[in-house]
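What you see below is based on every heavy atom in this structure, not just the backbone, and it leaves out hydrogens, waters and symmetry mates.
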Amino acid sequence: MFKYNRYYQQYYYTTKSSKQWLTRQIRDKYVKKAAKENFRARSAYKLQELDNKYNFIIPNSVIIDCGASPGSWCQYISRKIFPSKRVDEDVDNNLIIAVDLLPIDPMPGVKIIQGDFTELVTQQKIKDLLNERHVDVVLNDMAPNFTGTHFVDHVKSMDLCECSLAFAEHVLKSGGTFLCKFLMGESESDFRNKLKSKFKKVHYEKPHSSRDKSTEGYYVCLEFNKNITNGLT
């Protein structure tokens, strides 16, 4: 019988929807793979696929992961950048910052901030950790609290995208990368056009590990042009 790790156990309830979720999890090859490879969630394979294609997770980088809980993206980054490091050990020129409303267990080389990314106080905590360092990669895997109405959820998702982009514009270095999850809907094209005005390359992706029925997509934005954004060098 398939054994789940504790990062999935919080969803083990007896409601009908939870039972359906659990049945789907049992059959999901990426859930099984994540448990076998000790990733905290199947979402690790979304980042892995995108990174394999665009190669934006590299050593000697400063990376911010927004919406990081339970931490599978940071696990992937940590393993790739410094697989032998211990938690809180010096990590040279690398810095990974994980941000989420929910708690995240420690992992090698990752600084964790529990808080609402959309609030200025949380963003200031990130800047304090950066200590004026420019950022190589900003990842946005945040999702809204779903209402069940797609239009409302889409609008909330795009609000999170706008918030993370505004922050990225302030901290990204020239040539930096911005990866943003969104729920498909009528305003996504406007947001994509905005991205194209700030990055040299903008790619739409839906990783194979995204569920077929999911309306989520990702924009992979490469080569940030800081001069166009704010007139700074």
Residues forming a side-chain contact (heavy atoms from CB on, under 4.5 Å) with L160, sequence neighbours excluded: T118, M142, P144
Joint cluster assignment, V155 & F182, ILVMFWY side-chain distance < 4.5 Å: no
Point-to-point distance, once rounded to the nearest 0.5 Å, from CD of Q75 to CD1 of I104: 10.5 Å
Test item: S69 and L101 side chains (from C-beta on) under 4.5 Å apart, heavy atoms: no
Aromatic plane relationship, H154 with F151 - under 30° parallel, 30 to 60° tilted, over 60° perpendicular: tilted
From CG (N140) to OG (S157), nearest 0.5 Å: 8.0 Å
Side-chain touch D136/K173, heavy atoms, less than 4.5 angstrom: yes
Steps toward side chain to side chain contact (heavy atoms under 4.5 Å, CB included) verdict (V220, V202): CA-CA 6 Å; V220 183; V202 177; over 6 Å; no
N145, CG: over 12 other non-hydrogen atoms inside 6.0 angstrom: no
F39 six-ring centre to R79 NZ/CZ under 6.0 Å and within 45° of normal: yes
Distance in Å, N52 CG paired with Q48 CD, rounded so as to fall on 0.5 Å steps: 5.5 Å
Sequence-distant partners of S210, side-chain hydrogen bond (donor to acceptor under 3.5 Å, both in side chains), two or more places apart: E216
Stepwise salt bridge (Lys or Arg N to Asp or Glu O under 4.0 Å) test for K226 and E169: CA-CA 7 Å; K226 201 172 186 71; E169 290 180 62; over 6 Å; no
Same apolar cluster: I126 and L129, side chain cutoff 4.5 Å: yes
Short side-chain to backbone donor-acceptor contact, S78 and P108, under 3.5 Å: yes
Joint cluster assignment, Y204 & M158, ILVMFWY side-chain distance < 4.5 Å: yes
Separation of I64 CD1 from L95 CG (nearest 0.5 Å): 8.0 Å
Exercise: identify the closest heavy-atom pair between A143 and K181: CB-NZ, 4.1 Å
Test log, rule salt bridge (Lys or Arg N to Asp or Glu O under 4.0 Å), inputs D28 and K33: CA-CA 9 Å; D28 190 300; K33 186 177 181 181; over 6 Å; no
Geometric class of the F191/Y219 ring pair [parallel <30°, tilted 30-60°, perpendicular >60°]: tilted
Residues which pass salt bridge (Lys or Arg N to Asp or Glu O under 4.0 Å) with K127, listed by chain and number, not counting sequence neighbours: none
Pairwise side-chain contact, I97 with I63, heavy-atom cut-off 4.5 Å (strictly under): no
Distance (rounded to the nearest 0.5 Å) between C180 SG and E188 CD: 11.5 Å
Closest non-hydrogen atom pair between L179 and F56, with its separation: CD2-CZ, 4.1 Å
Sub-4.5 Å side-chain heavy-atom contact between V137 and I77: no
Geometric class of the F178/F199 ring pair [parallel <30°, tilted 30-60°, perpendicular >60°]: parallel
Verdict with reasoning, K194 to E162, per side chain to side chain contact (heavy atoms under 4.5 Å, CB included): CA-CA 10 Å; K194 178 183 288 190; E162 293 281 2; 2.8 Å; yes
Any donor-acceptor pair under 3.5 Å from N225 side chain to K198 backbone: no
Minimum-distance pair of heavy atoms, taken over all atoms of H150 and T215: CE1-OG1, 3.4 Å
pair F167-F117: side-chain heavy atoms closer than 4.5 Å: yes
Remaining members of the apolar cluster that contains L183, side-chain heavy atoms under 4.5 Å: F146
Heavy-atom pair of closest approach, residues I112 and P106: CD1-CA, 3.9 Å
Contact list for residues 53-78, test salt bridge (Lys or Arg N to Asp or Glu O under 4.0 Å), sequence neighbours left out: K53-E205
Student check: side-chain heavy atoms of Q114 and L102 closer than 4.5 Å: no
Test side-chain hydrogen bond (donor to acceptor under 3.5 Å, both in side chains) applied to T147 and D153, step by step: CA-CA 6 Å; T147 66; D153 294 338; 2.9 Å; yes
For V99 against G115, the heavy-atom pair lying closest together: CG1-O, 4.1 Å
Straight-line distance of Y76 OH to I81 CD1, nearest 0.5 Å: 9.5 Å
D116 backbone acceptor or donor facing T122 side chain under 3.5 Å: yes
Exercise: identify the closest heavy-atom pair between K206 and S214: NZ-O, 2.6 Å
Under the salt bridge (Lys or Arg N to Asp or Glu O under 4.0 Å) test, residues paired with E37 that sit two or more places apart: none
Note, S209 side chain near K29 side chain (heavy atom, < 4.5 Å): no
Within-4.5 Å side-chain heavy-atom neighbours: F224 and T177: no
Test salt bridge (Lys or Arg N to Asp or Glu O under 4.0 Å) applied to D105 and R40, step by step: CA-CA 10 Å; D105 285 348; R40 299 178 182 182; 5.1 Å; no
